[in-house]
Amino acid sequence: MYNIILIGFMGCGKSSLGCRLSYQHQLPFIDTDKYIEQQQKQTVAEIFAQAGEPYFRQLETEALEQLCCHKVKTIIAVGGGLPMRAENRRLLHKLGCVIYLRASAEILYDRLQHDTTRPLLQGTNPKQTIIDLLAQRAAIYEKTADIVIEVDGYNGEQIATQIWEAIEQYEPISD
């Protein structure tokens, strides 16, 4: 039994694809940002504003630790910054099969340019922020992933099919 974990930059489709896969394959779905919001009774933006990003990143680690005790196969979408901590990468692999949804900066900007809920994109030049953050994160996403799925040029149904076909072929490496 292993969970299916979706990682990637904000706006790449982790939450929407997680919901789609959950519905199609009758599996529970957890979005770690929503999970944290429910526990903290605050939005991610409120947590960032009131307690800061380091506090939120610690909450992400705590959420992963809690999910490691979860005994039901689940689809899990994680926040875009979550894999940046080495401890979180270890926990992701303990949780299951890690799938990186790779999207270009152009596609991400198209999807996110009008989104006012993302704390890291509230500066004066969100496009440059996306380019810079993606440059910092892409190699870590790649290194963390068991499977990489390209999302540019595909619709949700096509991507969900690619994910499920990759999962069916996936053979975990035993320790």
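- Remark: Glu150 pairs with Arg102 by the salt bridge (charged side-chain N to carboxylate O under 4.0 Å, His left out) rule, at least two apart or across chains.
- Both Val148 and Ile76 belong to a single network of hydrophobic side chains, linked directly or stepwise wherever heavy atoms of I, L, V, M, F, W or Y lie under 4.5 Å apart.
- The salt bridge (charged side-chain N to carboxylate O under 4.0 Å, His left out) search around Glu157 returns Arg20, not counting sequence neighbours.
- In terms of hydrophobic clustering, with Ile, Leu, Val, Met, Phe, Trp and Tyr side chains grouped at heavy-atom distances under 4.5 Å, Ile131 and Val151 are assigned to different clusters.
- Scanning for ring-ring contact (aromatic ring centres under 6.0 Å, His included) contacts around Tyr141 gives Tyr100, with sequence neighbours left out.
- Residues Val72 and Asn3 share a closest heavy-atom pair of O-OD1, 3.4 Å.
- In this structure, Arg111 contributes its side chain and Cys12 its backbone to a donor-acceptor pair below 3.5 Å.
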Dump the intermediate steps for side chain to side chain contact (heavy atoms under 4.5 Å, CB included) on His93 and Asp146, then the final yes or no.
CA-CA 9 Å; His93 284 287; Asp146 296 306; 3.5 Å; yes
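- By the 4.5 Å heavy-atom criterion applied to side chains, Ile140 and Arg89 are counted as neighbours.
- Under a hydrophobic clustering in which Ile, Leu, Val, Met, Phe, Trp and Tyr are joined whenever their side-chain heavy atoms come within less than 4.5 Å, directly or via other members, Trp164 and Tyr154 fall into the same cluster.
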Derivation and outcome, side chain to side chain contact (heavy atoms under 4.5 Å, CB included), residues Leu92 and Leu82
CA-CA 10 Å; Leu92 288 171; Leu82 184 145; 3.9 Å; yes
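- Among residues two or more places apart in sequence or in another chain, the side chain to side chain contact (heavy atoms under 4.5 Å, CB included) test is passed with Thr43 by Glu37, Ala45, Glu46.
- When hydrophobic clusters are built by joining Ile, Leu, Val, Met, Phe, Trp and Tyr residues whose side-chain heavy atoms come closer than 4.5 Å, directly or via intermediates, Ile107 is not grouped with Leu17.
- In this view, Glu65 and Thr61, Glu62, Glu87, Leu91 satisfy the side chain to side chain contact (heavy atoms under 4.5 Å, CB included) rule, not counting sequence neighbours.
- Side-chain N or O atoms of Ser22 include one that pairs as donor or acceptor with a backbone N or O of Leu27 at under 3.5 Å.
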Before giving the answer on side chain to side chain contact (heavy atoms under 4.5 Å, CB included), spell out for Leu67 and Thr74 the whole-Å C-alpha distance, their side-chain angles and the decisive distance to 0.1 Å.
CA-CA 10 Å; Leu67 291 172; Thr74 302; over 6 Å; no
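- Under the side chain to side chain contact (heavy atoms under 4.5 Å, CB included) criterion, Asp132 pairs with Gln128, sequence neighbours left out.
- With sequence neighbours left out, the side chain to side chain donor-acceptor pair (under 3.5 Å) criterion links Gln169 to no other residue.
- With hydrogens and angles ignored, the 3.5 Å screen pairs no side-chain donor or acceptor of Lys14 with any backbone N or O of Leu101.
- Distance check, rounded to the nearest 0.5 Å: CG of Leu59 to CG of Leu64 gives 11.5 Å.
- The SG atom of Cys97 sits 7.0 Å away from atom CD1 of Ile5, with the distance rounded to the nearest 0.5 Å.
- With sequence neighbours excluded, the residues that form a side chain to side chain donor-acceptor pair (under 3.5 Å) with Ser104 are Glu106, Asp152.
- Ile30 and Tyr23 fall into different hydrophobic clusters, defined by Ile, Leu, Val, Met, Phe, Trp and Tyr side-chain heavy atoms under 4.5 Å apart, directly or through other members.
- Taken from CD1 in Ile147 to CD in Glu165, the straight-line distance is 11.5 Å, to the nearest 0.5 Å.
- Taken from CD in Gln58 to CG in Asn88, the straight-line distance is 8.5 Å, to the nearest 0.5 Å.
- Partners of Ser15 by side chain to side chain donor-acceptor pair (under 3.5 Å), not counting sequence neighbours, listed by chain and number: Asp31.
- We find the CD1-CD distance between Ile36 and Gln42 to be 11.5 Å, quoted to the nearest 0.5 Å.
- Side-chain contact between Asp33 and Phe56: present, with at least one pair of heavy atoms (C-beta onward) separated by less than 4.5 Å.
- Note that the CD1 atom of Ile149 and the CD1 atom of Ile159 stand 9.0 Å from one another [nearest 0.5 Å].
- Take Gln39 and apply the side chain to side chain contact (heavy atoms under 4.5 Å, CB included) test, not counting sequence neighbours, and it matches Tyr35, Gln66.
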